[in-house]
Amino acid sequence: MAAQLLAVRCQNLTKTYDAGGQKVIALNQINLDIATGELMMLVGPSGCGKTTLISVIAGILDQDSGSCELFGENLQQLSSRDKLRFRAKNIGFVFQAFNLLPALTAVENVSVPLIINGMKRQAAEQKALSLLEQVGLGDRSKSMPSQLSGGQQQRVAIARALVHSPRLIVCDEPTSALDHKTGNTVMNLLKEVALQQDRALVIVTHDARIFEFADRIAEMDDGHIVSVQAQQRNQG
Ligand SMILES: Nc1ncnc2c1ncn2[C@@H]1O[C@H](COP(=O)(O)OP(=O)(O)OP(=O)(O)O)[C@@H](O)[C@H]1O
Ligand SMILES: [Mg+2]
């Protein structure tokens, strides 16, 4: 039997920042495998390297050393053009600070990944609207980000990360601005996607209320992964 394809394989990842002349080791020899069909959560104290790790995994940031493969592909070996194309097609990313485009409406923001992948505007906006409906924002599609609450902006960011059905979805604190009920709606939507065989989901969180959704929880501290524990999946 063929081995199951890994969604993510990080080997000996190291990343150091220069913070005003001071060296900060954000990632220190990280090894982590994430299987397809898996929902991996990443926890740990502020500043331990969580955002750095998922940024390297998603190809937003280059590591200093070590390797990271996504679905068997080493992004660092691709030309910058092929890397952009690979990321646009295969990765959805929810930023800690949402990063919506301020001059675009909610539905236009969510359409962006589809348009980048070549879909016509009208079809893209139709699909984007259906995602907004799934996160409970069907009636706010024409609002600008500045007209939305933090939790509403966060849900637009989540819709944008899912709209092009990427194989890897990476979320940085996706429920930080959401109440319990809305957080559960979003997690159920994310879990539905992650349960698909060829997909995977990585979620950075401090929110203990959503731990039950994880397959495994990796705990980071000071640039290291200190434990990886399997969770009992809640089939709810
Ligand atoms: N651009 C940067 N320049 C310099 N240092 C940075 C930069 N980005 C992050 N760091 C440092 O790297 C370390 C890891 O940061 P990172 O953002 O990955 O932490 P985190 O676990 O996501 O924290 P939080 O839970 O607060 O979001 C921290 O010490 C941080 O100050
Ligand atoms: Mg962070």
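Atoms within each ligand, like the ligands themselves, are counted from 1 in listed order.
The shell of residues lying under 4.0 angstrom from ligand 1, judged by heavy atoms, includes Cys48. In this structure, His206 has a heavy atom closer than 4.0 Å to ligand 1.
Of the polar atoms of Ala26, none of the N or O atoms is found under 3.5 Å from an N or O of ligand 1, judged by distance alone. The shortest N/O to N/O separation between Asp18 and ligand 1 does not fall below 3.5 Å.
Within 6.0 Å of NZ on Lys89 lie no more than 12 heavy atoms contributed by other residues, nucleotides or ligands. Remark: Arg209 CZ is packed, more than 12 non-hydrogen atoms of other residues, nucleotides or ligands lying under 6.0 Å away. In Gln147, the CD atom is crowded: over 12 heavy atoms of neighbouring residues, nucleotides or ligands sit closer than 6.0 Å.
Between the Glu173 side chain and the Ser176 main chain, no donor and acceptor come within less than 3.5 Å of each other.
For atom 27 (O) of ligand 1, the nearest protein heavy atom (residue, atom name, distance) is Gln96 NE2, 2.9 Å. Nearest to atom 17 (O) of ligand 1 among the protein's heavy atoms is Thr51 CB, 3.7 Å. Shortest contact from atom 14 (C) of ligand 1 to any protein heavy atom: Gly47 O, 3.3 Å. Here the heavy atom of the protein found nearest to atom 15 (O) of ligand 1 is Thr52 OG1, 3.8 Å. The shortest contact between atom 26 (O) of ligand 1 and any protein heavy atom is with Ser46 OG, 2.5 Å. Regarding atom 6 (C) of ligand 1, its nearest protein heavy-atom neighbour is Tyr17 CD1, 3.3 Å. For atom 25 (O) of ligand 1, the closest non-hydrogen atom on the protein side is Lys50 NZ, 2.7 Å.
Asp18 CG to Thr16 OG1: the interatomic distance, rounded to the nearest 0.5 Å, is 10.0 Å.
Asp207 and Thr175 are linked by a side-chain donor-acceptor pair at a separation below 3.5 angstrom, with hydrogens and angles left out of the test. Inspection of the Thr51 and Gln96 side chains reveals an N or O donor paired with an N or O acceptor under 3.5 Å.
Using a 4.0 Å cut-off between charged side-chain N and carboxylate O, Arg199 and Glu38 make no salt bridge.
The distance from the Mg ion (ligand 2) to the nearest N/O/S atom of Thr51 is under 2.8 Å. Among the atoms of Gln96, an N, O or S atom falls under 2.8 Å from the Mg ion (ligand 2).
Of the protein's heavy atoms, none falls inside 4.0 Å of atom 30 (C) of ligand 1.
Taking both residues in full, the closest heavy atoms of Ala159 and Leu132 are given as CB-CD2, 4.3 Å, listed atom of the first, atom of the second, then distance.
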Point to revise | Derivation and outcome, side-chain hydrogen bond (donor to acceptor under 3.5 Å, both in side chains), residues Thr185 and Asn188 | key: CA-CA 5 Å; Thr185 304; Asn188 277 316; over 6 Å; no
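Between the choices Gly49, Ala19, Gly20, the shortest heavy-atom distance to atom 19 (O) of ligand 1 belongs to Gly49.
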